There are 2 protein chains.
Amino acid sequence: MTERTGLRQLKKERTREAIAGAAIRLFLAKGFDQVSITEIAAAAEVSRRTLFAYFPTKEDLALYRFADHESEAARIVRARPAGQDPLEALREALLAALERRDPNTGLNDVPETRAFFRMIIDTESLAARLTRYLARGVDALAEALREAGADPLEARLRAAQVLAVQHELAFMNHSALLAGSSADDRYPEAVRAAERAFALLRHGTAAGR
Amino acid sequence: MTERTGLRQLKKERTREAIAGAAIRLFLAKGFDQVSITEIAAAAEVSRRTLFAYFPTKEDLALYRFADHESEAARIVRARPAGQDPLEALREALLAALERRDPNTGLNDVPETRAFFRMIIDTESLAARLTRYLARGVDALAEALREAGADPLEARLRAAQVLAVQHELAFMNHSALLAGSSADDRYPEAVRAAERAFALLRHGTAAGR
DNA sequence: TCGAGTGCTGCACCGAGTGCAAAAGTGCAC
DNA sequence: GTGCACTTTTGCACTCGGTGCAGCACTCGA
């Protein structure tokens with residue numbers, strides 16, 4: 001399926017790269033809403049029609065990377081060491097992501113990455129689309145938790161909580177960077193926030209205060 | 001501000017009603033995507049241009065009711081009896097909402113309401129828009145929790161968790177109704193689910209299992 | 001009754017997205 | 001290499017949501 005005959009496949013990948021590259025470059029330079037599909041197609045040297053064959057909507061042009069990550073949390077739970085608590089696996093994964101300054105944690109201060117993040121946040125249609133991915137991530141995580149033995153109700157509730165919290169953490173980190181911190185400045189606080197978040201998930205409000 | 005001179009104001013409200021009414025009727029009859037703005041305008045006997053003066057986007061035509069509800073949770077926290085825990089106030093409010101079969105709980109089996117709910121869920125653009133309202137609700141609730149004395153970090157995390165959970169509960173109730181239950185059939189289970197959800201919020205996983 | 005707002009309308013326009021059929025490019029068998 | 005089948009690309013015409021603008025109609029208050 002994935003393995004078409006060589007040249008065809010190669011060219012398709014090139015074209016896809018060209019389109020996505022042109023799109024992101026233009027978006028970052030002028031802002032999502034200030035760039036038209038026609039403009040992107042021209043920059044990538046393909047027809048408008050071809051562009052739509054690769055990316056069905058304008059939003060996909062900016063967010064296709066996230067589409068793959070949507071079930072990341074589910075994957076982490078499935079790949080956890082035998083006997084480990086799913087929540088603990090997610091916690092460790094988040095801490096590791098923070099440490100490596102994973103863009104998805106909001107804790108990456110490479111200017112391009114930060115600008116990209118910002119663009120998403122203050123472009124309605126992109127933010128909306130992103131939260132849709134999040135919703136699908138909830139489904140996936142809930143499924144993984146069920147496999148791990150949680151009952152269906154609790155699986156969904158937990159999944160929703162965890163992802164909502166991770167999303168907030170990323171948003172808060174990003175805000176801190178926008179306010180002027182470097183990723184390294186922010187790092188210790190980001191870790192503390194993450195730890196508190198997971199403590200909250202594990203022990204609830206009752207224990208926390 | 002709200003109080004324009006009588007006749008003008010009255011007519012505006014009538015027009016607004018006419019537009020919204022026509023829109024919802026058509027949406028329920030044919031599905032959101034199968035109805036064009038032009039069609040709605042014709043049905044409401046106004047020009048397309050006028051329609052857009054009242055509802056800036058097609059989605060607003062379906063969801064404007066929700067826009068007001070977006071800060072409902074925040075309101076509940078602010079209006080709680082002195083000394084009561086915010087989470088407890090939210091819990092009680094949810095149980096009360098379930099009891100009165102509030103549409104927002106997903107536990108309302110009036111056919112129109114159910115169809116409406118369903119339309120939102122399986123229309124991408126509507127679902128996306130709705131979760132945006134949810135996000136703004138998180139901001140509002142976090143603010144209210146801060147006023148109630150929570151520290152900013154915890155306020156945001158809690159707010160995100162609570163609303164994510166309520167959203168899931170509503171979704172699950174709606175699913176149960178779609179699967180054939182009546183609201184009354186589902187009610188006891190809905191209450192149990194809500195109780196467990198709040199127990200989870202209060203005590204975390206640790207205590208729960 | 002008149003003038004100033006305010007709202008409504010039509011029109012021309014933009015950008016996203018789709019269906020279709022022709023044209024160009026690629027893979028493969030001979 | 002040639003021919004043929006199969007993909008991909010392209011251009012075009014069209015639909016639909018949404019906006020800017022300018023003129024018209026109505027309402028209000030003096």
Side-chain angles (χ1 to χ4, degrees), chain A residues 1-20 22-24 26-27 29-64 67 119 123-129 132, chain B residues 1-20 22-24 26-27 30-64 119 123-129 132:
Chain A
M1 268 294 163
T2 321
E3 207 52 36
R4 275 259 166 287
T5 27
L7 197 56
R8 271 225 221 293
Q9 192 62 12
L10 178 74
K11 284 203 167 183
K12 283 198 79 165
E13 274 158 26
R14 287 241 183 89
T15 306
R16 197 185 162 81
E17 282 306 304
I19 296 171
I24 294 192
L26 286 167
F27 288 155
K30 307 173 50 176
F32 186 77
D33 291 327
Q34 276 59 60
V35 180
S36 76
I37 291 282
T38 306
E39 208 174 338
I40 299 169
E45 299 179 311
V46 292
S47 72
R48 248 170 52 93
R49 209 63 191 70
T50 298
L51 186 152
F52 279 115
Y54 284 87
F55 299 93
T57 73
K58 191 182 178 186
E59 284 74 30
D60 289 310
L61 237 17
L63 298 179
Y64 70 104
M119 174 183 80
T123 303
E124 264 296 311
S125 63
L126 289 179
R129 182 71 163 242
R132 287 264 84 199
Chain B
M1 268 295 164
T2 320
E3 207 54 35
R4 278 261 167 286
T5 29
L7 197 56
R8 270 228 224 294
Q9 190 62 13
L10 178 73
K11 285 199 169 187
K12 284 198 77 168
E13 274 158 27
R14 287 241 183 89
T15 306
R16 196 183 164 82
E17 281 306 303
I19 296 172
I24 294 192
L26 286 167
F27 287 156
K30 308 175 47 178
F32 186 77
D33 291 328
Q34 276 59 60
V35 180
S36 76
I37 291 281
T38 306
E39 208 174 337
I40 299 168
E45 299 179 313
V46 293
S47 71
R48 248 169 52 93
R49 209 64 192 73
T50 298
L51 185 151
F52 280 116
Y54 284 87
F55 299 91
T57 73
K58 191 181 178 187
E59 284 73 31
D60 289 310
L61 237 19
L63 298 179
Y64 71 106
M119 173 184 80
T123 304
E124 262 297 309
S125 64
L126 289 179
R129 182 69 162 244
R132 288 263 83 199

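Computed from a predicted model, the values in this text were never measured in an experiment. Proteins come first, then strands; the chains are lettered A, B, ... in the order of their sequence lines, and each starts at number 1.
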**Report entry** Backbone N/O of A:V35 and side chain of A:K58: donor-acceptor pair under 3.5 Å
**Finding:** yes

[X] [atom1] to [N] [atom2]: how many Å, rounded?
X: A:Q9; N: C:dG25; atom1: CD; atom2: P; result: 19 Å
X: B:L51; N: C:dC8; atom1: CG; atom2: P; result: 11 Å
X: B:D60; N: D:dG18; atom1: CG; atom2: P; result: 8 Å
X: A:Q34; N: D:dT19; atom1: CD; atom2: P; result: 14 Å
X: B:R16; N: C:dC8; atom1: CZ; atom2: P; result: 12 Å
X: A:L10; N: D:dT8; atom1: CG; atom2: C1'; result: 14 Å
X: B:F32; N: D:dG17; atom1: CZ; atom2: C1'; result: 10 Å
X: A:D33; N: D:dG18; atom1: CG; atom2: P; result: 13 Å

Query raised in the report: D:dT9 phosphate, OP1 or OP2: any side-chain N/O from A:Y54 under 4.0 angstrom?
Result: yes

Query raised in the report: Between B:K58 and D:dG18, is there a side-chain N or O to OP1/OP2 distance below 4.0 Å?
Result: no

Among the candidates [options], find the nucleotide nearest to the side-chain atoms of [X].
X: A:K11; options: D:dT8, D:dG18, C:dT26; answer: C:dT26
X: B:I37; options: D:dT9, D:dG17, C:dC8; answer: D:dG17
X: A:R49; options: D:dG17, D:dT9, C:dT18; answer: C:dT18

Report task. Identify, residue by residue, the members of residues 39-48 of chain B with a heavy atom below 4.0 Å from DNA chain C, and return them in order of residue number, or none. Result -> B:V46, B:S47

Requested in this report: Could I get the full list of side chain to side chain contact (heavy atoms under 4.5 Å, CB included) partners for A:A127, not counting sequence neighbours?
Outcome: B:R132

Report summary line: Dot-bracket for DNA chain C, 5' to 3', Watson-Crick and G-U pairs with both distances under 3.5 Å, [ ] for crossing pairs, | for partner on another strand, reads ||||||||||||||||||||||||||||||

State, yes or no, whether a side-chain contact exists between [X] and [Y] at a heavy-atom distance under 4.5 Å.
X: B:L26; Y: B:Q34; result: no
X: A:I24; Y: A:L61; result: no
X: B:Y64; Y: B:R16; result: yes

Query raised in the report: Does B:E39 CD have over 12 foreign heavy atoms under 6.0 Å away?
Result: yes

Query - Trace of the side chain to side chain contact (heavy atoms under 4.5 Å, CB included) decision for B:T57 with B:F52 - result: CA-CA 7 Å; B:T57 73; B:F52 280 116; over 6 Å; no

Report task. Quick one: label B:S36 by what it contacts on the DNA or RNA (base, sugar-phosphate, nothing), any heavy atom closer than 4.0 Å. Result -> sugar-phosphate

Report task. Nearest 0.5 Å please: distance from the CZ atom of A:F27 over to the OG1 atom of A:T123. Result -> 9.0 Å

**Report entry** Distance (rounded to the nearest 0.5 Å) between B:T15 OG1 and B:Y54 OH
**Finding:** 4.0 Å

